[in-house]
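Chain identifiers are assigned alphabetically (A, B, ...) following the order of the sequence lines, protein sequences preceding nucleic acid strands; residue numbering begins at 1 within each chain. Every heavy atom of this structure was used, including side-chain atoms; hydrogens, water molecules and symmetry mates were not.
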Number of protein chains: 2
Amino acid sequence: MSKVSFRDQVLRVREDAIVSSVNRLLAEKGFDQMTVDEVAADVGIAKASLYKHFVSKEALAGAAMQRVLDKALAEVERLGNDKAAPADAQLKAVARWAMHEQLAGEMPSLPTQNSALRAALAASTDYVDRLMQLSERLGDWIMAAQAAGRIAADLPPELVLYTLYARACDPVLAVLKSTGKYSDEQVVELVLRSWFDGLAAR
Amino acid sequence: MSKVSFRDQVLRVREDAIVSSVNRLLAEKGFDQMTVDEVAADVGIAKASLYKHFVSKEALAGAAMQRVLDKALAEVERLGNDKAAPADAQLKAVARWAMHEQLAGEMPSLPTQNSALRAALAASTDYVDRLMQLSERLGDWIMAAQAAGRIAADLPPELVLYTLYARACDPVLAVLKSTGKYSDEQVVELVLRSWFDGLAAR
DNA sequence: GTCTATAGCCAGATAGAC
DNA sequence: GTCTATCTGGCTATAGAC
């Protein structure tokens, strides 16, 4: 009994290492440019062994995307514990977290137009469930912020939600950082401010 | 003499048709998912014939990207003729134009992380020159809008420029449109407003 | 479950006739 | 310059020994 459990744990640790590699490579090069050979080399095992854990390249990416959503849900949960914080502060906080994840090379870009990966993700109930759960939690905050007069009430909540997701993968972060003029914190705060307050002078 | 000129013109028309196909396919599927076979089939010529006009897939994409910049420069030129318009209105107008181009399937997404294409583009002086020229024109408008108190003066002009480029390829447009709740005009105006005025209630 | 070796496929690019 | 046919390399996925 304990032997089996131990083996399972070893297995889980290995699969976690695989997913971490996939996550980083996905963030760095995207799904198409990432090769399974690279993943295997990065993890330090043979390619055939990878296919014992995940049935396809899409499944590899799917596991990584799923873990990203888990992390996001955990972060939302953590932030939600502060009942006193206003909803718009919560939204800013989660956006800040996501942007720092991206700058740290931990945020795979959205599979906006890849058919194979999109289809695989849409077919994964685990993935879709998590995405819906996250969207619901964020949607609650958005509507609360509108009710409190902190976000313009005539903006569709979905617009706010989609722009939040988009900020998590915003290429502007990397471009701004590549100028070398700003620290990671400054980059995040600049984009966060332009997202929330806009460009117009107040 | 006139014969040669006529032949040149036929050649130009054909190459223009090729670039149009590439542009649309690039917007639809992105560089990696687009295949040269598809382009050939779409244009209606053999693949080998394509390679008589363009030396590589990267060159194909480069020609399309270059034409996009030419169109943008023409649009900026056109808008610039209205000397009376305030600079922030010009910026909104060019953003509006770019977003409509995207919704019409005419705007290839930026090669954010593709190495082969990025390298080819960076090596093309024609492309880089156009991009710099466009950025200069837009940069002038941005600084003018800041001087006029229409854009927050403490935002780095480069941030405004990069977010403008990012809006031209913003995936939020397609997602909002896919809900079926908004017309193209409404989608554009919503994103434009959130870009310029932000989410926060005023 | 891990490995080496390889099958099978697909896409970019080219050869060579016309 | 256009075509058909082909080469070439790289990638996903698997076979089969241990």
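Rounding to whole angstrom units, OH of residue B/Y51 and C1' of D/dT8 are separated by 13 Å. For the pair A/Q33 CD and D/dT12 C1', the interatomic distance rounds to 15 Å; values are reported in whole Å. Between A/F54 atom CZ and D/dT12 atom P the separation is 15 Å, expressed in whole Å. The CD-P distance, from A/E58 to D/dA13, rounds to 6 Å in whole Å. The CG atom of B/D32 sits 13 Å away from the C1' atom of D/dC11 (whole-angstrom rounding). Residue B/D37 contributes atom CG, which lies 17 Å from atom P of C/dC9 at whole-angstrom precision. Distance CG (A/L60) to C1' (D/dT12): 11 Å, rounded to an integer number of Å. Across the protein-nucleic acid pair, B/K57 atom NZ and C/dA13 atom P stand 8 Å apart, rounded to whole Å.
Taking 4.0 Å as the cut-off between side-chain N and carboxylate O, A/E15 and A/R12 do not count as a salt-bridged pair.
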Expected string for nucleotides 1-7 of chain D under the B/S/- scheme (protein heavy atoms, under 4.0 Å, primed atoms plus P, OP1, OP2 as sugar-phosphate) is SBBB---
Evaluate the side chain to side chain contact (heavy atoms under 4.5 Å, CB included) criterion for residues B/V175 and A/Y165: first the C-alpha distance (whole Å), next the side-chain angles of each, then the deciding distance (0.1 Å), finally the verdict. CA-CA 11 Å; B/V175 180; A/Y165 285 147; over 6 Å; no
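Every side chain to side chain donor-acceptor pair (under 3.5 Å) that A/S21 has, sequence neighbours left out, goes to A/D42. Shown here are the side chain to side chain contact (heavy atoms under 4.5 Å, CB included) partners of A/L192, two or more places apart in sequence or in another chain: A/K92, A/A95, A/R96, A/M99, A/E189, A/W195.
Between the side chain of B/Q146 and the backbone N or O of B/A152 there is at least one donor-acceptor pair closer than 3.5 Å. Under the 3.5 Å distance criterion, the side-chain polar atoms of B/K57 are matched with a main-chain donor or acceptor of B/F31.
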